[in-house]
Amino acid sequence: MTDAPELRRRTAELLAAHPPATTDRLDFLRARFDAGLAWVHYPEGLGGLGAPRSLQAVVDAELEAANAPDNDPRRIGIGLGMAAPTILAYGTEEQKRQYLRPLWTGEEVWCQLFSEPGAGSDLAALGTRAVREGEGDWVVNGQKVWTSSAHLARWAILIARTDPDVPKHRGITYFICDMTDPGVDVRPLRQVTGEAEFNEVFLTDVRIPDARRLGEVGDGWKVAQTTLNNERVAIGGMRLPREGGMIGPVSKTWRERPELRTHDFHQRLLKLWVEAETARLTAERLRQQLVAGQPGPEGAGMKLAFARLNQEISGLEVELRGEEGLLYDDWTMRRPELVDFVGRDAGYRYLRSKGNSIEGGTTEVLLNIVAERVLGLPAEPRTDKDVAWKDLAR
Amino acid sequence: MSTTSAQPDLLYSEEEEALRAAVRDLLTDHCDAPGVIARTESDAPHDREAWKALADGMGLAGLLIPEAHGGQGATHREVAVVLEELGRAVAPVPYLTSAVVATEALLSFPQSRLRSTGGTPMAADLLAELATGRRIGALAVALNIAPGAAYKVVRHEDGALHGELTGIADAAVADVLLVPADDGGLYAVDASAATLTPQVSLDLTRPLATVTLDRAPGRLLGDAEPAVRRALRAGAGLLASEQLGVAEWALTETVRYLKERKQFNRPVGGFQALKHRLAQLWLEVVNLRAAARNAADALAKDDDTAVAVAVAQAYAAPVAIHAAEEALQLHGGIGMTWEHPVHLYLKRAKADSIAYGTAGAHRAALAELVDLQAP
Ligand SMILES: Cc1cc2nc3c(=O)[nH]c(=O)nc-3n(C[C@H](O)[C@H](O)[C@H](O)COP(=O)(O)OP(=O)(O)OC[C@H]3O[C@@H](n4cnc5c(N)ncnc54)[C@H](O)[C@@H]3O)c2cc1C
């Protein structure tokens with residue numbers, strides 16, 4: 001049984017063998033992975049030790065204190081949050097060994113080729129086709145859209161239709177796509193903030209070897225559920241201090257700029273401050289539940305709460321700044337390296353936060369999920385259940 | 001700006017869950033909705049049986065009182081769990097007013113004064129009595145007063161008390177009133193020495209009364225100011241747990257009803273417009289639980305209390321009212337009837353939104369506490 005003292009001992013060993021001050025960043029990260037200290041709840045040999053997930057905090061604290069380099073989760077969020085748990089659950093031994101280490105160290109960035117122009121919330125309606133050549137490779141044709149970080153990615157998780165003659169959820173297969181392969185065309189898609197964090201991806205006769213299939217043929221929807229569930233729970237271990245989120249910058253502005261204050265803004269600010277503190281406490285409560293091994297359904301609510309709060313708080317700050325709020329820091333079309341929600345001006349935060357209620361499932365779709373899976377209310381009547389995908393109205 | 005030192009413990013312990021189950025069982029037996037509705041129209045709106053079972057039977061009146069003074073020496077965390085259940089049942093018992101507010105006022109007096117000697121029963125004796133639940137206490141401060149706000153006092157003249165105080169919750173069943181006077185003292189007055197006139201109250205399950213003192217004898221307990229502040233702060237903080245109970249009942253009952261109720265050949269709970277409203281409400285209740293738990297934990301640890309209480313109270317009232325209002329609306333016509341209990345919850349939620357300070361009063365307090373000053 002791997003417990004906290006044992007993990008501290010192993011961390012100390014890692015630090016002694018690879019002193020952060022004199023070790024190359026990547027070498028350190030690889031050594032950490034090999035020592036099983038990357039994600040301690042993963043199996044041995046795959047960056048973990050099969051220890052309880054809650055003990056990761058012990059390792060992280062020791063490494064932070066020693067100023068060790070980190071693997072920059074903001075850049076590799078999709079790989080860490082979504083691709084990794086799916087590969088762990090459905091990958092072959094060979095796939096796990098090939099993908100997990102460079103994914104975790106950030107050497108290889110991942111993106112998610114799920115959404116299509118005609119299939120967003122109704123993801124299972126997707127039309128990108130994968131056709132198998134005999135017992136050999138798959139040939140993929142179609143278009144994906146809103147793909148974050150596709151311009152940086154080495155690999156993609158991809159879902160495609162392999163059987164149009166069965167109802168839509170049943171004819172999907174899950175693949176790992178090499179973004180450097182011929183036929184993969186990534187085009188920046190400029191967004192409301194002016195930059196291009198996401199992309200359109202055109203797939204033309206892209207050949208994917210069968211060895212890069214994840215899960216059984218036709219089982220892709222089930223595999224995708226693992227990805228989507230992890231996407232929504234990604235919040236987990238975060239521990240925010242009071243004023244740690246979006247409410248921090250606006251509170252600071254309020255304190256430093258008395259000339260901006262009005263009674264109306266004061267009322268709105270206090271109301272949002274209370275809501276942000278309450279949401280923070282709920283996230284902390286969720287974290288404590290996870291550590292205590294009693295995961296609650298609160299996770300589904302956190303994304304809803306933070307999306308709305310981020311939008312209202314950043315919107316308030318734009319107004320509060322008055323004449324400055326009429327300005328914007330920079331409209332240059334860029335393809336950023338990092339997904340950055342808070343680093344820029346209030347105007348940027350306001351515009352970027354609009355995506356928070358769309359990406360990873362819209363607010364409306366999440367409310368459906370809470371209503372049906374948490375409260376047990378009846379699902380909408382369905383008209384697509386027993387109809388082959390090819391016969392659905394499009 | 002104040003920041004929390006240690007992270008609060010926001011979960012329920014196993015013991016707390018066991019306590020919840022026991023209180024819920026007791027209330028199921030003693031305090032069903034038709035009974036509570038019938039009682040509101042009798043001359044005895046308080047449920048003395050339920051109180052006896054809670055206080056005498058389970059010893060819950062003395063949770064906050066140290067064992068040395070005859071209590072259980074538990075903390076605000078356990079009291080909060082009791083209040084959640086009392087809120088869920090809109091139980092007409094003077095628990096918040098006697099076992100929390102009056103008790104906290106008495107606990108504010110220095111320990112040396114608590115150890116009473118000889119003749120006059122001082123705070124310690126009163127605490128011991130309240131701990132058994134055989135006597136009920138009420139702080140004679142109007143229910144709407146926020147922890148930091150001004151409150152009315154009576155005249156202290158010729159060794160006796162004179163004056164009228166209104167809006168005193170649960171005074172009708174109190175045996176002893178804790179009365180602030182114009183000399184700065186807090187006095188214990190036997191209810192038999194005061195005239196208590198019931199007021200017609202919005203919340204039928206927590207009735208208010210007028211207290212009239214005409215040359216009433218009072219025993220000086222100590223300084224009123226710190227006692228009242230402490231009592232109201234604990235009352236406000238733990239009221240959030242009661243509000244959580246009210247909101248939870250409203251949500252649970254409404255979800256249950258909407259799964260059963262059919263219109264247009266479907267359960268109405270399957271219509272998305274309603275599903276989204278209920279999911280939204282669920283989220284508010286989840287947040288309220290965290291805020292209420294945080295306030296109880298802060299009171300128990302005496303750490304970060306002012307901010308935790310203000311946050312909980314600024315958040316709780318709108319949620320409890322929203323839940324009760326949605327419950328009434330989504331029950332349709334039956335929700336509008338006297339026989340359906342939803343009105344008890346709406347009235348309690350609305351009265352609670354004024355009790356121990358409105359959300360706005362608590363936001364104003366917060367502005368000072370976290371340095372977000374008004375213009
Ligand atoms: C910043 C950003 C980054 C993204 N990154 C990625 C990525 O990396 N990879 C990827 O695959 N996708 C990505 N997406 C796409 C995202 O997952 C989809 O946009 C999202 O799932 C919604 O689909 P849609 O845009 O087609 O909207 P639609 O599904 O067309 O929805 C239109 C409107 O209808 C509502 N609606 C739809 N269905 C229902 C329903 N059943 N009940 C009630 N209302 C409904 C929606 O809430 C929405 O308001 C990203 C999106 C954004 C904004």
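Each chain gets a letter, A, B and so on, in the order its sequence line appears, and its residues count up from 1. Worth knowing before you read on, the calculation uses all heavy atoms, side chains too, and leaves out hydrogens, waters and symmetry mates. Keep in mind that what you see is a predicted model, and the values were worked out from it rather than measured.
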Practice problem: Look at atom OH of Tyr350(A) and say whether more than 12 heavy atoms of other residues, nucleotides or ligands are closer to it than 6.0 Å. | Solution: no
Practice problem: Check whether more than 12 heavy atoms from other residues, nucleotides or ligands sit under 6.0 Å from atom CZ of Arg53(A), and answer yes or no. | Solution: no
Exercise. Write out, in numerical order, the residues from residues 265-275 of chain B with a heavy atom short of 4.5 Å from a heavy atom in chain A.
Key: Arg266(B), Pro267(B), Gly269(B), Gly270(B), Phe271(B), Gln272(B), Lys275(B)
Quiz item: Are Asp9(B) and Gln288(A) close enough that some pair of their side-chain heavy atoms sits under 4.5 Å apart?
Solution: yes
Quiz item: Is it true that a side-chain atom of Arg280(A) and a backbone atom of Leu240(A) form a donor plus acceptor pair closer than 3.5 Å?
Solution: yes
Quiz item: So which of Arg256(B), Arg277(B), Gln373(B) has the largest heavy-atom pair count under 4.5 angstrom toward chain A?
Solution: Gln373(B)
Exercise. Please flag which part of Leu269(A) lies under 4.5 Å from any non-hydrogen atom of chain B: side chain, backbone, both or neither.
Key: side chain
Quiz item: Non-hydrogen atoms of chain A under 4.5 Å away: do they reach the side chain of Glu284(B), the backbone, both or neither?
Solution: neither
Quiz item: Does the side chain of Arg321(A) come under 3.5 Å of the side chain of Thr253(A) through a donor N or O and an acceptor N or O?
Solution: yes
Quiz prompt | Top of Leu366(B), Leu372(B), Leu288(B) for chain A proximity - count of heavy-atom pairs under 4.5 angstrom | solution = Leu372(B)
Quiz item: If you measure only the distance, is there a donor-acceptor pair under 3.5 Å linking the side chains of Gln225(A) and Asn229(A)?
Solution: no
Quiz item: Do the side-chain N and O atoms of Asp297(B) and His76(B) include a donor-acceptor pair separated by under 3.5 angstrom?
Solution: no
Quiz prompt | Side chain proximity check, Met246(A) to Phe306(A), heavy atoms < 4.5 angstrom | solution = no
Self-check item: Side chain / backbone / both / neither for Thr278(A) at chain B, heavy atoms under 4.5 Å
Solution: both
Quiz item: What residue in Gln280(B), Arg289(B), His362(B) has the most heavy-atom pairs under 4.5 Å with chain A?
Solution: Arg289(B)
Exercise. List the steps, then state whether salt bridge (charged side-chain N to carboxylate O under 4.0 Å, His left out) holds for Lys271(A) with Glu275(A).
Key: CA-CA 6 Å; Lys271(A) 195 163 170 293; Glu275(A) 289 174 7; 3.1 Å; yes
Practice problem: Could you list which of residues 313-327 of chain B have a heavy atom closer than 4.5 Å to any heavy atom of chain A, in residue-number order? | Solution: Ala314(B), Tyr315(B)
Self-check item: Whether over 12 other heavy atoms sit under 6.0 Å from Glu259(A) CD
Solution: yes
Exercise. Look at the side chain of Arg88(B) and the backbone N and O of Glu248(B), then say whether any donor-acceptor pair between them is shorter than 3.5 Å.
Key: no
Quiz item: Where does Leu283(B) contact chain A at under 4.5 Å (heavy atoms): side chain, backbone, both or neither?
Solution: side chain
Quiz item: Out of Val286(B), Leu258(B), Leu251(B), Thr252(B), which one racks up the most heavy-atom pairs below 4.5 Å with chain A?
Solution: Val286(B)
Quiz item: Between the side chain of Gln56(A) and the main-chain N/O of Val40(A), is any donor-acceptor distance below 3.5 Å?
Solution: yes
Quiz item: Would you find more than 12 non-hydrogen atoms of other residues, nucleotides or ligands less than 6.0 Å from Lys350(B) atom NZ?
Solution: no
